[in-house]
Protein chains: 2
Amino acid sequence: MSPKLHLQIDERSGVPVYRQMMDQFKYYVAGGTLRPGDQIPSIRELAAALSVNPTTVVKAYTELERAGLIEKRHGKGAFVAPNAQALTAAEQDVALRRSAKQLAVEATQLQVPSPKVISVVREELGALYVDRTVEDLPVKFAVVSGDS
Amino acid sequence: MSPKLHLQIDERSGVPVYRQMMDQFKYYVAGGTLRPGDQIPSIRELAAALSVNPTTVVKAYTELERAGLIEKRHGKGAFVAPNAQALTAAEQDVALRRSAKQLAVEATQLQVPSPKVISVVREELGALYVDRTVEDLPVKFAVVSGDS
DNA sequence: TTCTGTGTATGGCTGTCATCACACACCCGT
DNA sequence: ACGGGTGTGTGATGACAGCCATACACAGAA
């Protein structure tokens, strides 16, 4: 039913909260963690877990619904749409490259040597895998708002 | 005087434009590419180069000035502040980690294997170095707004 | 003075988010 | 069947931030 999600909101990033939520749901669907029919957190539940206003979640869910990715059912909850399309491999690549490029630009401007960049990325990837294992507890949705 | 800068604005990222500009100037100063006394692009010039409204650049410059990083002189232009502090190594690390973490989160949600992530990062880093060499032309400020 | 570069100031449109009050669907005890 | 409690999504309103368009003010050279 409800796969364990790991949503992360960075308030200081400047990126609208509803957009951060949308992207992450997209990625979960694209990666196959969320599958058609799966129930996702209720608006209130997610709002509480992430410490944001319910209206913000509403906006994200509404947009996702308009994109055909999820369905809201009054009084029942929200679900991944039956025909929710996973991102194509190409689209996944674009999304990933987008982040990678920003990192690269930043590193270049900071004049950080490439090997250092790579090692930091490795560390952060490793840190997440740790989280994933630790997360085999009765927590449905884990949240990190600030930094680790 | 005016070192060759390479500013990059991603309009679709959701991050406020003025914030993207601020960050990149910060990074250039932190990395030593921009040094105290250096003249930076005029408000109009930068606005034209990036295809944004001058007021947006004003906001970025005003904030940077308030942070003590640059100085605006009426009728003359904008310059890196005499006592502009480069970021400490620790602060640089924080900034870099921030981007790296976001990339890691995204990759994890997309279930992209780590080696793939690393290789993409390497590619993007490489692409930027290419740009840097190519940029030995009479262009003072090069801009990339969309994707490469 | 006049021209041309520079930074400055104001108002308006849009997007983002919070607050608060409302409406629908289910379940359970009566 | 009923009726209420609890969960769910919905909608109206207001405050504030980002961005743009436009007109104004200063500095230096012709």
Side-chain angles (χ1 to χ4, degrees), chain A residues 1-2 7 9-25 37-81 140-141 143 145, chain B residues 1-2 7-25 37-81 140-141 143 145-146:
Chain A
M1 287 280 179
S2 306
L7 298 185
I9 301 298
D10 186 347
E11 313 157 10
R12 299 179 307 173
S13 71
V15 180
V17 175
Y18 84 97
R19 225 158 165 315
Q20 294 184 44
M21 297 193 302
M22 282 182 63
D23 285 340
Q24 298 191 37
F25 274 114
D38 283 351
Q39 180 162 16
I40 61 179
S42 76
I43 291 179
R44 281 174 167 75
E45 182 181 8
L46 186 55
L50 295 170
S51 297
V52 298
N53 194 282
T55 323
T56 304
V57 183
V58 168
K59 173 132 189 183
Y61 277 20
T62 301
E63 289 294 309
L64 285 171
E65 187 169 40
R66 214 159 54 95
L69 210 79
I70 71 172
E71 284 180 358
K72 287 179 297 183
R73 296 187 209 144
H74 210 151
K76 306 204 64 174
F79 304 82
V80 178
K140 255 164 76 185
F141 304 98
V143 180
S145 295
Chain B
M1 288 280 179
S2 308
L7 299 185
Q8 176 144 359
I9 302 299
D10 186 347
E11 313 158 11
R12 299 180 304 174
S13 72
V15 180
V17 175
Y18 84 97
R19 229 155 162 316
Q20 295 185 44
M21 297 192 303
M22 283 181 63
D23 285 340
Q24 299 192 36
F25 275 113
D38 284 350
Q39 179 163 16
I40 61 178
S42 75
I43 292 178
R44 282 176 167 75
E45 183 181 7
L46 185 55
L50 295 171
S51 297
V52 299
N53 193 284
T55 320
T56 304
V57 182
V58 169
K59 172 130 190 183
Y61 278 18
T62 302
E63 290 293 310
L64 284 172
E65 189 170 38
R66 212 159 55 97
L69 210 79
I70 71 172
E71 284 180 358
K72 288 179 296 182
R73 297 187 208 142
H74 208 151
K76 306 205 64 172
F79 304 82
V80 178
K140 256 164 75 186
F141 304 98
V143 180
S145 296

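Because only heavy atoms are used, hydrogens play no part in the values below, and waters and symmetry mates are left out as well, while side chains stay in. Within every chain, numbering begins at 1; the chains are lettered A, B, ... in the order of the sequence lines, protein sequences first and strands thereafter.
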Rounded to whole angstroms, how far apart are [atom1] on [X] and [atom2] on [N]?
| X | N | atom1 | atom2 | value |
| --- | --- | --- | --- | --- |
| B:L50 | D:dC19 | CG | P | 12 Å |
| B:F79 | C:dG7 | CZ | C1' | 12 Å |
| B:I43 | D:dC19 | CD1 | C1' | 15 Å |
| A:L46 | D:dG7 | CG | P | 17 Å |
| A:M21 | C:dC17 | CE | C1' | 11 Å |

Working to the nearest 0.5 Å, report the span between CD of B:Q8 and CG of B:D23.
13.0 Å

Once you round to the nearest 0.5 Å, how far does CD1 of A:I40 lie from CZ of A:F25?
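Nearest 0.5 Å value for the CD1-CZ distance: 4.5 Å.
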
Do B:L46 and B:L7 have side chains that approach each other closer than 4.5 Å (heavy atoms only, starting at C-beta)?
yes

Heavy-atom side-chain proximity of A:I9 to A:M21 below 4.5 angstrom:
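Yes; the side chains approach each other to less than 4.5 Å.
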
Per-nucleotide protein contact along nucleotides 23-30 of chain D, 5' to 3', at a 4.0 Å heavy-atom cut-off (B base, S sugar-phosphate only, - neither), is --BBSS--

Using the closest heavy atom to pick a nucleotide of DNA chain C for each, name whichever of A:P16 or B:S42 lands nearer the 5' end.
B:S42

List the residues meeting side chain to side chain donor-acceptor pair (under 3.5 Å) with B:E71, not counting sequence neighbours, and say none if there are none.
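B:E71 satisfies side chain to side chain donor-acceptor pair (under 3.5 Å) with no residue once adjacent residues are dropped.
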
Of all residues at least two apart in sequence or in a different chain, which pass the side chain to side chain contact (heavy atoms under 4.5 Å, CB included) check with A:R44?
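Result, side chain to side chain contact (heavy atoms under 4.5 Å, CB included) vs A:R44: A:S42.
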
Under 3.5 Å donor-acceptor pairs involving side-chain atoms of residues 54-63 of chain B, not counting sequence neighbours:
from, atom 1, to, atom 2, distance (Å)
B:T55, OG1, B:N53, OD1, 2.7
B:T56, OG1, B:N53, O, 3.4
B:Y61, OH, B:P41, O, 2.7
B:T62, OG1, B:V58, O, 2.7
B:T62, OG1, B:K72, NZ, 2.9
B:E63, OE1, B:R66, NH2, 3.1

Does A:Y18 put a side-chain nitrogen or oxygen below 4.0 Å from OP1 or OP2 of C:dT16?
yes

Do any side-chain nitrogens or oxygens of B:K72 fall under 4.0 Å of OP1 or OP2 in C:dT6?
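Looking at the OP1 and OP2 atoms of C:dT6, neither is under 4.0 Å from any side-chain N or O of B:K72.
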
Could you list the residues that satisfy salt bridge (Lys or Arg N to Asp or Glu O under 4.0 Å) with A:R19, not counting sequence neighbours?
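For A:R19, no residue satisfies salt bridge (Lys or Arg N to Asp or Glu O under 4.0 Å) once neighbours in sequence are set aside.
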
Taking only heavy atoms on the protein side, list every residue of residues 53-70 of chain A lying under 4.0 Å from any atom of DNA chain D, sorted numerically.
A:V58

